[in-house]
Amino acid sequence: MPDSGTPTERAGRRSTASTEAIVQDMRERIASRLIQPGARIQEEAVSSDYDVPRAKAREALAVLEDRGLVERIPNKGATACIIDMETTHALYEVREALDGLAVRLAIQNSRPEDWTELAALMGEPFERSLASGDIETHIAIIERFRSHLTAMARNPVLADMLERLYDRTRTTMRRVALLPGRAQTGMGQYRQVLDAILRGDADGAELAFRQLNRSARDFMARYKDYVI
């Protein structure tokens, strides 16, 4: 049945989707390349897709711009950012340093039992996801590990920095995971990090995390035409 009422009345009944919910969904769409790098993102389309007023669509785009995911050009609209190899390399260098701090704080602020559920997940399920070619589940386990690590670090400033950094590297992370041999190598490296955490070995955990990040950069350099 067609909606009744004046345009003003209908506008007042529009979706109450929060700006945060819109931003989160668009972050996922950008990370999965449902929104391709360089694609135009029209404010009117965002308003229509999420059934929200233009003002809220504009606010969501402003947040995405602040997070480095969208570029807005006056009088031209917004586009999904394109991240080149040089920028990607720089982001991974910063991520390496922040990961090292995060894992040290996580060891300092957590107990072994805080990692029990994650240790089980990174056992047989982690291997099965790789063996079956279920790359989405495999990446989801990695993202859950990183999310838990950030939570255990218990530092909101660091958490915000890592989230912003991951936003700009998630698309690359997915493509790197598909490179020949990378997922298998990465699985072993993530387990080394976790093993060091369970031992309470901050030096070992940071070293393992640095090696993981450097290995990812090596794979990116080798397959740069595919990654970017």
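All values reported here derive from a predicted model rather than from experimental measurement. Just the heavy atoms: all of them, side chains too, but no hydrogens, waters or symmetry mates, feed the values below.
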Hydrophobic clustering (ILVMFWY, side-chain heavy atoms < 4.5 Å, transitive) - are [Y] and [X] grouped together?
{"X": "V157", "Y": "V94", "answer": "yes"}
{"X": "L101", "Y": "L207", "answer": "no"}
{"X": "L178", "Y": "I139", "answer": "yes"}

Do side-chain atoms of [X] reach the backbone of [Y] as a donor and acceptor pair under 3.5 angstrom?
{"X": "Q36", "Y": "R33", "answer": "yes"}
{"X": "T150", "Y": "R146", "answer": "yes"}
{"X": "S18", "Y": "A21", "answer": "yes"}
{"X": "R168", "Y": "L91", "answer": "no"}
{"X": "D114", "Y": "R111", "answer": "yes"}
{"X": "R191", "Y": "M122", "answer": "yes"}

Nearest heavy atoms of [X] and [Y], plus distance in Å:
{"X": "A102", "Y": "L162", "answer": "CB-CD1, 4.0 Å"}
{"X": "A78", "Y": "V70", "answer": "CB-CG1, 3.6 Å"}
{"X": "N109", "Y": "M152", "answer": "CB-O, 3.4 Å"}
{"X": "A183", "Y": "A177", "answer": "CB-O, 3.6 Å"}
{"X": "M220", "Y": "L179", "answer": "N-CD1, 4.5 Å"}
{"X": "I35", "Y": "A80", "answer": "CG2-CB, 3.9 Å"}

What's the spacing between [X] [atom1] and [Y] [atom2] if we round to 0.5 Å?
{"X": "K56", "Y": "I22", "atom1": "NZ", "atom2": "CD1", "value": "6.0 Å"}
{"X": "I142", "Y": "L212", "atom1": "CD1", "atom2": "CG", "value": "8.0 Å"}
{"X": "I107", "Y": "D201", "atom1": "CD1", "atom2": "CG", "value": "6.5 Å"}
{"X": "R27", "Y": "D167", "atom1": "CZ", "atom2": "CG", "value": "4.0 Å"}

Residue pair L194, F126: steps toward the side chain to side chain contact (heavy atoms under 4.5 Å, CB included) verdict = CA-CA 13 Å; L194 181 60; F126 203 24; over 6 Å; no

Within a strict 4.5 Å, meaning less than it, do heavy atoms of the [X] and [Y] side chains meet?
{"X": "E124", "Y": "E127", "answer": "no"}
{"X": "R144", "Y": "E117", "answer": "yes"}
{"X": "M26", "Y": "L69", "answer": "no"}
{"X": "Y190", "Y": "I141", "answer": "no"}
{"X": "E163", "Y": "R67", "answer": "yes"}
{"X": "V23", "Y": "L64", "answer": "yes"}
{"X": "R182", "Y": "R222", "answer": "no"}

Y92: partners by ring-ring contact (aromatic ring centres under 6.0 Å, His included), with sequence neighbours left out = none

Determine whether more than 12 heavy atoms belonging to other residues, nucleotides or ligands lie under 6.0 Å from atom [atom1] of [X].
{"X": "R40", "atom1": "CZ", "value": "no"}
{"X": "E143", "atom1": "CD", "value": "yes"}
{"X": "E113", "atom1": "CD", "value": "yes"}

Can you say whether the rings of F145 and F209 are parallel (under 30°), tilted (30 to 60°) or perpendicular (over 60°)?
-> tilted

Side chains of [X] and [Y]: donor-acceptor distance under 3.5 Å anywhere?
{"X": "S215", "Y": "D218", "result": "no"}
{"X": "E28", "Y": "Q24", "result": "yes"}
{"X": "S47", "Y": "R58", "result": "no"}

Run the salt-bridge test on R164 and D66 with the 4.0 Å N-O cut-off and return the result as yes or no.
-> yes

Indicate yes or no: does R72 engage E43 in a salt bridge with an N to O separation below 4.0 Å.
-> no

Test T185 against Q189 for side chain to side chain contact (heavy atoms under 4.5 Å, CB included), laying out the working first.
-> CA-CA 6 Å; T185 299; Q189 291 171 330; 3.8 Å; yes

Test R104 against E206 for side chain to side chain contact (heavy atoms under 4.5 Å, CB included), laying out the working first.
-> CA-CA 7 Å; R104 284 185 172 277; E206 181 174 0; 2.4 Å; yes

D99/V103 under side chain to side chain contact (heavy atoms under 4.5 Å, CB included): CA gap, chis, key distance, verdict = CA-CA 6 Å; D99 280 345; V103 78; over 6 Å; no

Under the 6.0 Å and 45° cation-pi test, does R170 pair with Y166?
-> no

